Amino acid sequence: MAFKDLREFIAKCEESGEVQVIHQEVDWNLEAGAITRRCCELSAPAPFFQKIKDYPAGYRIFGAPLATFRRLAIAMELDPEASYQEILAEYDRRRKNPIKPRVVADGPCKENIHKGDDVDLYEFPAPMIHGGDGGRYLSTWHVIVTKDPDTGWVNWGMYRQMIHDKTSMGGLLYPGQHIGMIHRRKYEARNQVMPFAVAIGTEPITSFVGAAPVGEDVNEADIAGGLRGEPVELVRCETVDLDVPATAEIVIEGEVHPGERKMEGPFGEYVGYRAMPSLPRPVYRVKCVTHRHNPILTMSNMGMPVDDADVVQGITWASAVLQTLRDCELPVTGIYMPPECCSSLIVVSIKTPYAYVASQIAAAVWSKRPGNFIPKVIIVDDDVDPTNKREVMHAWATKCHPVRGTTVIPRAVIASGIPYYSPEELADNAGTNVYYDCTWPKRWPKEHIPQRSSFNDIYPEEIKARVLENWANYGFTRP
Ligand SMILES: Cc1cc2nc3c(=O)[nH]c(=O)nc-3n(C[C@H](O)[C@H](O)[C@H](O)COP(=O)(O)O)c2cc1C
Ligand SMILES: [Mn+2]
């Protein structure tokens, strides 16, 4: 049975030691953020703050919801010990079997309804998350719902929102992201207001899918259903023509007015830096807020690894890239995005059928979103496990020729916020990509390829079997 709401998910995580309930009062001003940051950097349990300074008991914060692969495995109802490859394979399989959402008449998110003068975004303990942030961020782990006015396509996406005042917020609406496409191409181009709804504190898969790259015209709600194995239940909004997950903790409804801009940011970002300056950005005007009794506000805290973005993008981007490589009929045998690299490196293992196939792998990775956000590609032979950092580093250090193995693409479209680019490159989203070919050259004679000197490679099967069988007998306590 899929999780009905965030509360069931938290309870399940608690059973596996993946939640730390914190009863001591903490300050929404940096303290809750600092604790969550440290949890990310230590891959500690998710902090569940019970009492926030200046706020009544019951107004809680749940930090770093999916900042470990164990919590993602639990969210997907897999064994918490599931490996990266197991999670990836299951995500890949389920997302291809979408299930449409079910609209229900009522839901817990309607337990409290505030409209008009009764709306106050400061009702919730929106944290000042990082030192140096431009303001208090209410939405950092959530979905924003918008609709294409022509086709009826409903997009869910996770795009940060900073509180400006009691009834308005600001955020990024990049033209390259679906919300930006809908906003710029449709509503703003026609000088129309764009209705939106935000759902915060959803069951875990809804927010996970909000941060996943699914195609244009695809409803994330259907993918979320597929991943859950059950439809997501939606209820009608109070003031806009949109539906939201019925069990969300907090729902915010309103409109983005064409041409309106206010300074938003800066904010600590997914690459692990406060990378972009404060800039004039679109404004979300709020008309209505609904929430459950004792609402739980979810918070991610992006920065140095490992945070929610490293985990979520580590699976969803890898799955999308894998699909592209398969569509191109390339001989990929494995894929990995090391969470330490903040979505800026992908490792692909291949069976090398002909010389320079690595160039095709890299070209395919960069051919479309989200692979085009990944500036560095490492290509290894299929005897290297891409998830094994020891083997990957070894292959890179010993097989990648500094000149022949390194190919720089000097004029590449890049993701925003990658720290090593110059201000001009970032302004144009134009920089440089690179791939490292860590495979043996195809034309080398067998005699020139050295034998890898590893337990697996250089001992007879019977010796290996005997050693493995007797490992504990020798006195070793770890496998
Ligand atoms: C915690 C977290 C926060 C994010 N914040 C933003 C953001 O503020 N703006 C943005 O454009 N993308 C952000 N993303 C990435 C998008 O959610 C992601 O690209 C997603 O695919 C967007 O949905 P779309 O494909 O429907 O546009 C964030 C991702 C995560 C995991
Ligand atoms: Mn989308």
Side-chain angles (χ1 to χ4, degrees), residues 91-92 94-104 107 109 139 142-161 171-200 202-203 205-228 230-246 248 251-258 281-282 284-285 287-288 312-313 316-317 319-320 323-324 327 367-373:
Y91 171 79
D92 221 40
R94 293 193 206 167
R95 77 183 172 88
K96 290 172 188 156
N97 295 287
I99 298 175
K100 292 228 162 285
R102 181 165 56 219
V103 178
V104 295
C109 70
S139 314
H142 60 293
V143 287
I144 303 185
V145 184
T146 51
K147 192 190 278 186
D148 184 309
D150 298 326
T151 64
W153 165 41
V154 174
N155 187 63
W156 285 2
M158 187 179 288
Y159 321 98
R160 74 191 193 201
Q161 291 176 312
L172 306 167
L173 280 78
Y174 285 129
Q177 300 284 60
H178 288 160
I179 192 171
M181 289 180 195
I182 293 174
H183 178 243
R184 293 262 179 114
R185 281 195 215 152
K186 304 280 167 120
Y187 293 96
E188 201 156 67
R190 299 169 193 177
N191 207 30
Q192 285 173 353
V193 299
M194 177 176 78
F196 73 86
V198 187
I200 304 174
T202 67
E203 59 75 36
I205 296 300
T206 292
S207 296
F208 173 59
V209 172
V214 310
E216 199 175 333
D217 296 326
V218 176
N219 294 349
E220 276 87 355
D222 305 359
I223 307 295
L227 289 174
R228 301 173 79 238
E230 273 178 42
V232 178
E233 294 199 335
L234 302 177
V235 282
R236 200 100 269 262
C237 282
E238 299 295 304
T239 60
V240 289
D241 179 26
L242 294 168
D243 298 325
V244 283
V251 173
I252 298 164
E253 308 176 6
E255 291 167 342
V256 178
H257 285 239
R281 298 195 171 105
Y284 298 90
R285 291 199 199 176
K287 297 199 294 192
C288 176
V312 169
Q313 292 173 180
T316 62
W317 290 19
S319 167
Q323 189 62 49
T324 308
D327 291 346
S367 65
K368 59 192 274 210
R369 202 180 80 122
N372 62 329
F373 298 148

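Just so we're clear, the structure is a prediction, and the values are computed from it rather than from any experiment.
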Checking Phe373 now: which residues fulfil ring-ring contact (aromatic ring centres under 6.0 Å, His included) with it, not counting sequence neighbours?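 Residues passing ring-ring contact (aromatic ring centres under 6.0 Å, His included) with Phe373: Trp317.
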According to ring-ring contact (aromatic ring centres under 6.0 Å, His included), who are the partners of Phe208, at least two apart in sequence or on a separate chain?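 So Phe208 forms a ring-ring contact (aromatic ring centres under 6.0 Å, His included) with Tyr91.
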Could you go step by step and tell me if Trp156 and Thr202 meet the side chain to side chain contact (heavy atoms under 4.5 Å, CB included) rule? CA-CA 12 Å; Trp156 285 2; Thr202 67; over 6 Å; no
Is there a side-chain contact between [X] and [Y], using heavy atoms and a 4.5 Å cut-off?
X: Tyr187; Y: Val193; answer: no
X: Ile200; Y: Gln161; answer: no
X: Leu172; Y: Arg160; answer: yes
X: Val244; Y: Val235; answer: yes

Can you give me the closest heavy-atom contact between [X] and [Y], atom names plus distance?
X: Phe196; Y: Glu255; result: CE2-N, 3.1 Å
X: Pro282; Y: His183; result: CG-CE1, 4.3 Å
X: Leu234; Y: Pro101; result: CD1-CB, 3.6 Å
X: Ser367; Y: Thr324; result: OG-CG2, 3.7 Å
X: Glu188; Y: His257; result: OE2-O, 4.3 Å
X: Cys109; Y: Ala248; result: CB-O, 3.2 Å

Residues two or more places apart in sequence or in another chain: which of them pass side chain to side chain contact (heavy atoms under 4.5 Å, CB included) with Asp148?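 Expected list: Asp150, Thr151, Trp153, Lys186.
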Do [X] side-chain atoms and [Y] backbone N/O form a donor-acceptor pair below 3.5 Å?
X: Glu220; Y: Val214; value: no
X: Glu203; Y: Ile205; value: yes
X: Arg228; Y: Pro231; value: yes

Criterion side-chain contact (heavy atoms from CB on, under 4.5 Å) against Pro195, the qualifying member of Val240, Val145, Thr239: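 That would be Val240; it is the only one of Val240, Val145, Thr239 passing the side-chain contact (heavy atoms from CB on, under 4.5 Å) with Pro195.
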Got a second to check how far [X]'s [atom1] is from [Y]'s [atom2], nearest 0.5 Å?
X: Tyr174; Y: Ile179; atom1: OH; atom2: CD1; answer: 13.0 Å
X: His142; Y: Ile144; atom1: NE2; atom2: CD1; answer: 4.0 Å
X: Asp222; Y: Leu227; atom1: CG; atom2: CG; answer: 11.0 Å
X: Ser319; Y: Arg94; atom1: OG; atom2: CZ; answer: 12.5 Å
X: Arg281; Y: Leu173; atom1: CZ; atom2: CG; answer: 10.5 Å
X: Glu233; Y: Thr206; atom1: CD; atom2: OG1; answer: 11.0 Å

Chi angles and distances behind the side chain to side chain contact (heavy atoms under 4.5 Å, CB included) call for Val103, Arg236: CA-CA 8 Å; Val103 178; Arg236 200 100 269 262; 5.8 Å; no
Would Val198 and Val251 count as a side chain to side chain contact (heavy atoms under 4.5 Å, CB included) here? Give the steps. CA-CA 5 Å; Val198 187; Val251 173; over 6 Å; no
May I have the step-by-step check of side chain to side chain contact (heavy atoms under 4.5 Å, CB included) for Arg369 and Gln177, ending in yes or no? CA-CA 10 Å; Arg369 202 180 80 122; Gln177 300 284 60; 2.9 Å; yes
Among side-chain atoms of Thr146 and Asn155, is any donor-acceptor pair under 3.5 angstrom?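 No, no side-chain donor-acceptor pair sits under 3.5 Å.
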